[in-house]
Novice: 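Here it is: the structure, laid out below.
These numbers were taken from a predicted model, which means no experiment stands behind them.
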Amino acid sequence: MQLKEAKFHIGQIVKHRIFPFRGVIFDVDPVYANTEEWWNAIPEQVRPRKDQPFYHLLAENDETEYVAYVSEQNLLVDDNEQPVRHPQLAEFFDAQVDGVYKPKESISH
């Protein structure tokens, strides 16, 4: 299997293509790396391919903040200039510069 280069990067703000949420990427898996149970819970008509990058997001919608796991095919660049309000941002990132969050030195890889 040939690995695809990730289109998005850690610290970037993205939004979901279908569902109304956005978030900051804090980790990337080169291919699907979650459980089969999680995979099978996705309705078949919107289930993404496993052979693409998957992103861990500090996500938010109008009601709450949470961690999301999203396929590359379902993400778009978020051009909303508002900062993300997730309470865990300070654990992973320092300042936001030009719309991108800078990873803390102690956890960058």
Novice: Looking only at side-chain N and O atoms, does Asp29 offer a donor or acceptor that is under 3.5 Å from a partner on Tyr69?
Specialist: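 Checked: Tyr69/Asp29 side chains pair up, N/O donor to acceptor below 3.5 Å.
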
Novice: Is it the case that the side chain of Arg47 and the backbone of Trp39 share a donor-acceptor pair, with hydrogens and angles ignored and the cut-off at 3.5 Å?
Specialist: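 Answer holds: yes.
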
Novice: Within a radius of less than 6.0 Å around CD of Glu44, do more than 12 heavy atoms belonging to other residues, nucleotides or ligands occur?
Specialist: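 Not more than 12 within 6.0 Å, no.
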
Novice: Name all residues meeting the salt bridge (charged side-chain N to carboxylate O under 4.0 Å, His left out) criterion together with Glu36; count only those two or more places apart in sequence or in a different chain, and write none if there are none.
Specialist: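 If we apply the salt bridge (charged side-chain N to carboxylate O under 4.0 Å, His left out) test to Glu36, skipping adjacent residues, the hits are Lys50.
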
Novice: Parallel, tilted or perpendicular: which describes the rings of Phe21 and His16, with under 30° parallel and over 60° perpendicular?
Specialist: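 Rings of Phe21 and His16: tilted, 30 to 60°.
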
Novice: When you group the ILVMFWY residues by side-chain heavy-atom contacts below 4.5 Å and let the links chain together, are Val28 and Leu75 in the same group?
Specialist: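 Yes, same cluster.
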
Novice: Carefully, step by step, assess Glu72 and Lys7 under the rule salt bridge (charged side-chain N to carboxylate O under 4.0 Å, His left out).
Specialist: CA-CA 7 Å; Glu72 186 168 276; Lys7 178 179 178 181; over 6 Å; no

Novice: Side-chain contact, heavy-atom cut-off 4.5 Å: Pro20 with Asn61?
Specialist: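 Heavy-atom side-chain distance check fails, nothing below 4.5 Å.
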
Novice: Quick one: CG on Asn74 to CZ on Phe54, what's the gap to the nearest 0.5 Å?
Specialist: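 If we round to the nearest 0.5 Å, Asn74:CG and Phe54:CZ are 8.0 Å apart.
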
Novice: Out of curiosity, Gln96 CD to Asp94 CG, how far, rounded to the nearest 0.5 Å?
Specialist: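 These two atoms lie 12.5 Å from each other.
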
Novice: Is a side-chain donor or acceptor of Glu91 paired with a backbone partner of Gln88 at a separation under 3.5 angstrom?
Specialist: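 No, the answer is negative, given that no donor and acceptor are paired below the 3.5 Å cut-off.
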
Novice: Do Leu57 and Tyr66 touch side chain to side chain, with heavy atoms closer than 4.5 Å?
Specialist: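 Leu57 does not reach Tyr66 side chain to side chain.
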
Novice: Quick check: does any side chain N or O of Tyr55 sit under 3.5 Å from a backbone N or O of Val24, one acting as donor and the other as acceptor?
Specialist: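 Absent.
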
Novice: Is the backbone of Gln73 close enough, under 3.5 Å, to the side chain of Arg17 for a donor and an acceptor to pair up by distance?
Specialist: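 A pair under 3.5 Å: yes.
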
